Trainee: 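The structure that follows is given in the form of structure tokens.
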Amino acid sequence: MSKVVEQALLQAARVVEEQLDAEIERLDTLQGDDLEGFRQKRLQEIKKEASQREEWLKKGHGQYTELSGEKEFFEECKANERVACHFFRDTTLRCMIVDKHLSLLAPKHVETKFVKLNVERAPFLCDRLPIRILPTIASVIGGKTKDYIRGFDELGGHDDFTTEVLEWRLGSCGVIDYSGNILEPPTAQRPKKTIIGAEPKKTIRGRTASDSDSDD
């Protein structure tokens, strides 16, 4: 087991232990025989959640990792119920922005496997899905691709969108468990500036693309 996974498991164990202790203390204050059944049921739910979390972490959840190629993509989608995959290219600057946000979301949403795949290593997938605009985040649920986030149009249309906005957008398709109001996107007030300049959208072949290209 790698040190990163081991540390994540230890941290998760500490968090779960603290949650169990807090819940037990709270439930111990309840009185009456009619509450004993609820107490036992809740404790079982907590233990089940802790076990599920530990299983996810052992499978590499909680980290944002790069896949080696198409074969590994299919393996991850088969082994995990929910996968968020960022299709990227090293030379596309906006892909680096997506990397930053997904690196923050991965440890927060361990229920989902967060990965990235270089389009140069996935010509078959890029044609099949299709992946035409970079960056593109594909949401895979139950082995099927359910949703795409192509470029930044759905994230405010600018480079400095917040991690919370991307979290809300991923939650809207169910690839992560979103605790906020899915009907109301975060409305953090930020100037709509372009961090890396007026870089046009890029297709996987490197040419510029209009908004309609993503729908062809």
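Being a predicted model, the structure only gives us computed values, none of them experimental. Atoms considered below: every heavy atom in the structure, side chains included; atoms not considered: hydrogens, waters and symmetry mates.
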Trainee: Report yes or no: does Ser51 contribute a side-chain atom to a donor-acceptor pair with the main-chain N or O of Lys47 at less than 3.5 Å?
Mentor: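 The answer is no, because no donor-acceptor pair under 3.5 Å joins these two groups.
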Trainee: Of the options Leu125, Val98, Asn118, which is the one that meets Phe87 in a side-chain contact (heavy atoms from CB on, under 4.5 Å)?
Mentor: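 The residue from Leu125, Val98, Asn118 that satisfies side-chain contact (heavy atoms from CB on, under 4.5 Å) with Phe87 turns out to be Leu125.
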Trainee: Give me the atom names and distance for the closest heavy-atom approach of Thr145 to Ala138.
Mentor: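 The answer is CG2-CB, 4.3 Å.
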Trainee: Indicate yes or no: at least one non-hydrogen side-chain atom of His109 is less than 4.5 angstrom from one of Phe114.
Mentor: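 His109 reaches Phe114 side chain to side chain.
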Trainee: Between Leu166 and His101, which heavy-atom pair has the shortest distance, and what is it?
Mentor: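 Minimum heavy-atom separation between Leu166 and His101: CD2-CB, 3.6 Å.
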Trainee: Verify, without hydrogens or angle tests, whether Arg82 (side chain) and Gly174 (backbone) share a donor-acceptor contact under 3.5 angstrom.
Mentor: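 Yes, Arg82 side chain to Gly174 backbone: donor-acceptor pair under 3.5 Å.
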Trainee: Parallel, tilted or perpendicular for Trp56 and His61, by the 30°/60° rule?
Mentor: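 Ring orientation, 0 to 90° scale: parallel.
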Trainee: With Glu154, which residues qualify under side-chain hydrogen bond (donor to acceptor under 3.5 Å, both in side chains), at least two apart?
Mentor: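 side-chain hydrogen bond (donor to acceptor under 3.5 Å, both in side chains) list for Glu154, sorted by chain: Arg169.
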Trainee: Could you check whether Lys58 pairs with Glu54 (Lys NZ or Arg NE/NH1/NH2 to Asp/Glu carboxylate O, under 4.0 Å)?
Mentor: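 Yes, this pair counts.
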Trainee: Are Ile141 and Ile176 connected in the hydrophobic side-chain network, where two residues link if heavy atoms are under 4.5 Å apart?
Mentor: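 Yes: a chain of side-chain contacts under 4.5 Å links Ile141 to Ile176.
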Trainee: Can you find a heavy atom in the side chain of Leu57 that is under 4.5 Å from one in the side chain of Val110?
Mentor: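 Heavy-atom side-chain distance check passes, below 4.5 Å.
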Trainee: Pick out which of Cys173, Cys85, Ser172 makes a side-chain contact (heavy atoms from CB on, under 4.5 Å) with Ser139.
Mentor: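 One option only clears the test, and that one is Cys173.
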Trainee: Does atom NZ of Lys59 have more than 12 heavy-atom neighbours from other groups under 6.0 Å away?
Mentor: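 Yes, enclosed.
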Trainee: Are Phe74 and Leu129 co-members of a hydrophobic cluster defined by side-chain heavy atoms under 4.5 Å apart?
Mentor: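 Hydrophobic grouping puts Leu129 with Phe74.
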Trainee: Please confirm whether the backbone N or O of Glu72 pairs with a side-chain atom of Glu76, one donor and one acceptor, at under 3.5 Å?
Mentor: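 No.
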Trainee: Would you say the side chain of Tyr148 lies within less than 4.5 Å of the side chain of Ile137, judging by non-hydrogen atoms?
Mentor: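 Sidechains of Tyr148 and Ile137: no contact.
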Trainee: Hey, is the main chain of Lys116 close enough, under 3.5 Å, to the side chain of His86 for a donor-acceptor pair?
Mentor: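 It does not hold such a pair.
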Trainee: So Asp159 and Phe152, do their side chains get closer than 4.5 Å, heavy atoms only?
Mentor: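 Yes. Closest side-chain heavy atoms under 4.5 Å.
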Trainee: Cluster question for you: counting only ILVMFWY and a side-chain heavy-atom cut-off of under 4.5 Å, with indirect links fine, are Val83 and Leu67 together?
Mentor: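 Looking at the clustering, Leu67 is in the same group as Val83.
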Trainee: Could you report the tightest heavy-atom contact between Asp177 and Glu111, atom names first, then the distance?
Mentor: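 Smallest heavy-atom distance, with atoms named: N-OE2, 2.9 Å.
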Trainee: Report whether Leu155 and Ile97 are members of the same hydrophobic cluster (ILVMFWY, side-chain heavy atoms less than 4.5 Å apart, transitive linking).
Mentor: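 Both belong to a single hydrophobic cluster.
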Trainee: Does a side-chain heavy-atom distance below 4.5 Å link Val115 with Glu66?
Mentor: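 Not touching, per the 4.5 Å side-chain cut-off.
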Trainee: How close do Gly171 and Ile182 get, heavy atom to heavy atom, and via which atoms?
Mentor: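 Shortest heavy-atom contact: C-CD1, 3.4 Å.
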Trainee: Do Ile131 and Phe88 land in one hydrophobic cluster if side-chain heavy atoms of ILVMFWY residues count as linked below 4.5 Å?
Mentor: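 Ile131 does not cluster with Phe88.
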Trainee: Looking only at non-hydrogen atoms, find the nearest pair between Val140 and Cys77 and report the distance.
Mentor: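 Minimum heavy-atom separation between Val140 and Cys77: CG1-SG, 3.8 Å.
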Trainee: Is the closest basic N to carboxylate O distance between Glu167 and Lys108 below 4.0 Å?
Mentor: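 Answer for the salt bridge query: yes.
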Trainee: Among Asp147, Val165, Leu102, Thr112, find the one that has a side-chain contact (heavy atoms from CB on, under 4.5 Å) with Leu170.
Mentor: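 It is Leu102, the one option of Asp147, Val165, Leu102, Thr112 that forms the side-chain contact (heavy atoms from CB on, under 4.5 Å) with Leu170.
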